[in-house]
2 protein chains.
Amino acid sequence: MGENTLPEQIAMQLRRQILHGTLRPGATIKERDNAADLGVSRTPMREAIRILAKEGLVELRPARSPVVASPTLKDVTDAITVIVALEELSGKLAVEHATREEISEIRSIHERMQQGYDQFDHVERFEVDMEFHMAIARASHNVALAETHAAYLRRMWRARFLSARTRRNRERVVRQHGDIVRGLEERDTDLVAVSIHAHLGHLLDSIKVAFADAPDDARPAEENETIPEAADAK
Amino acid sequence: MGENTLPEQIAMQLRRQILHGTLRPGATIKERDNAADLGVSRTPMREAIRILAKEGLVELRPARSPVVASPTLKDVTDAITVIVALEELSGKLAVEHATREEISEIRSIHERMQQGYDQFDHVERFEVDMEFHMAIARASHNVALAETHAAYLRRMWRARFLSARTRRNRERVVRQHGDIVRGLEERDTDLVAVSIHAHLGHLLDSIKVAFADAPDDARPAEENETIPEAADAK
DNA sequence: TAATCTGATTTGGTATACCAAAAATCGTTG
DNA sequence: CAACGATTTTTGGTATACCAAATCAGATTA
């Protein structure tokens, strides 16, 4: 489960806390405290924070405490606009270059999601969905594209996570994923493009709804809401 | 001239050295030595190296010395493929959202390049070209897009730099840039898209030629070719 | 002579100490 | 009582010390 290097392990811890909501958007991340909590020194904690900053999950400002990013609705829609472009390109290239093995792997991910949809909790469902999209990007055989795409998905993790609570999408999601897989199998560029477009269009809609319902990421969670740890006596 | 934070200043120094060729692709970057050379400690040097790694100019491998990236031709062409998609999206969004001020700023950059083309050395010419493309991305009013695009341009800096030595492209580059500007002014999505596509297509061609001529970035410059500094007596 | 093993050295990873700037606290003053 | 200001505290930035892994060199051996 643990990544290779220490900073990455720490980054994963923090990432989970952010995604889970333990670290709320707007909260400050104090190097010393968090490092002490995890039993490491500031140095790897600093690096971990930079990793998260690269992913867009935390915001760095010079000489100030880093804060958990509070993406606005526009931030999210902008990012999705880029993701659409990246995935359309992925789809086009995958149609051209994907091997049969890669496509059948994509299908198997799709079927795993289809079968397990109801048993999975929304976190698992979510991770499978992410796997699906990343496998397509990888099938483009364009490393840079796959990496950039993955970076965007990570950045959107929380927003997508919040919007994925509704379970009603089951049929639509499964159908759209199925269309994409079929498009790849039949090397049908247009079908893939259209399906991806529709799929992400619905994602955008549900994110908008989520923001309207509970603008979680909009509210800066002001005040000293750092890490919820037992404050030891001074 | 100097950026804000120390690590960024150091990163800029290293970046220039890499771009200029003082640090050849494949060369190892030793934290201690380089830090000492610049008169700083390892800590900000480490951060600077991470910045460059994020930009794709150096490659990090765990527990080993970082090396200056040696992008293969495929790496470069892959990246350009992504840049094309990003710039086409930029163009489309800029046509929709750019203000008149932004468009006229883009035109002024274009004219600056047009007039100064022959006086500029290829570094300056190059920087103006980069300004031009980044201004378009910014005019999309999509921050994420502009940032990702800028990151890609930085990553391609050296490859584009190497390919830009030929001065013969003058008319074509100027004409294509002019077409793009006109497309923006006339809010002509198709003209913009076509011009961008053609423009980057030629970039790709000249990069391929550059790689064939002198596969500079292909040759790993093996052996201890770190920093060309006077070795002080041990 | 070439391959390999072993010890010395280099080098990145981590912890820690110190500093300066930012922030918070509290007292002062209009 | 509110607003401002000085002082203390907190916190990120930098330098340095220490460690373990990786690399390099030299010697030993087949």
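Per chain, numbering begins at 1; letters A, B, ... match sequence-line order. Computation of the quantities below employed the complete heavy-atom set of this structure, encompassing side-chain atoms and omitting hydrogens, waters and symmetry-equivalent molecules.
Under the 3.5 Å distance criterion, with hydrogens and angles disregarded, a donor-acceptor pair is assigned to the side chains of D75(A) and T72(A).
When rounded to the nearest whole Å, the span between CG of L60(B) and C1' of dT11(C) equals 14 Å. Here the P atom of nucleotide dT10(D) and the CG atom of N34(A) are 16 Å apart, to the nearest Å. Put simply, CE on M45(A) is 11 Å from P on dG12(D), counting in whole angstrom units. In this structure, E47(B) atom CD and dT14(D) atom P are separated by 7 Å, rounded to whole Å. We find that CZ of R50(A) is positioned 15 Å from P of dT14(C), with the value rounded to whole Å. dG13(D) atom C1' lies 14 Å from atom CD of E8(B), rounded to whole Å. Across the protein-nucleic acid pair, L6(B) atom CG and dA20(C) atom P stand 14 Å apart, rounded to whole Å. Look at CD1 on I49(A): it is 10 Å from C1' on dG12(D), rounded to the nearest Å.
At the heavy-atom level, T43(B) lies under 4.0 Å from base atoms of the strands shown.
Taking the six-membered ring where tryptophan is involved, the planes of H199(B) and H177(B) are perpendicular, since the angle between them exceeds 60° and thus also 30°.
Contact record, D78(B) with N142(A): O-ND2, 3.1 Å, taken as the closest heavy-atom pair. Between E131(B) and R112(B) the shortest heavy-atom distance is OE1-NH2, 3.0 Å. When every heavy atom of G26(A) is checked against every heavy atom of S70(A), the shortest pair comes out as N-OG, 3.3 Å.
Contact annotation: S41(A) does not reach the phosphate of dT14(C) (side-chain N/O to OP1 or OP2, under 4.0 Å). Between dT11(D) and R46(A), no contact under 4.0 Å exists linking OP1 or OP2 to a side-chain N or O. For R64(A), a side-chain nitrogen or oxygen approaches OP1 or OP2 of dA23(C) to under 4.0 Å.
Nearer the 5' end of DNA chain C, as judged by each residue's closest nucleotide, is the contact made by R42(B), out of R42(B) and A63(A). Of the two residues near DNA chain C, R61(A) and S65(B), the one whose nearest nucleotide lies more 5' is S65(B).
The base of dG12(D) is paired with the side chain of R32(A) by a donor and an acceptor separated by under 3.5 Å.
Distance from the side chain of P66(A) is smallest for dG12(D) among the nucleotides dG12(D), dG13(C), dA15(D).
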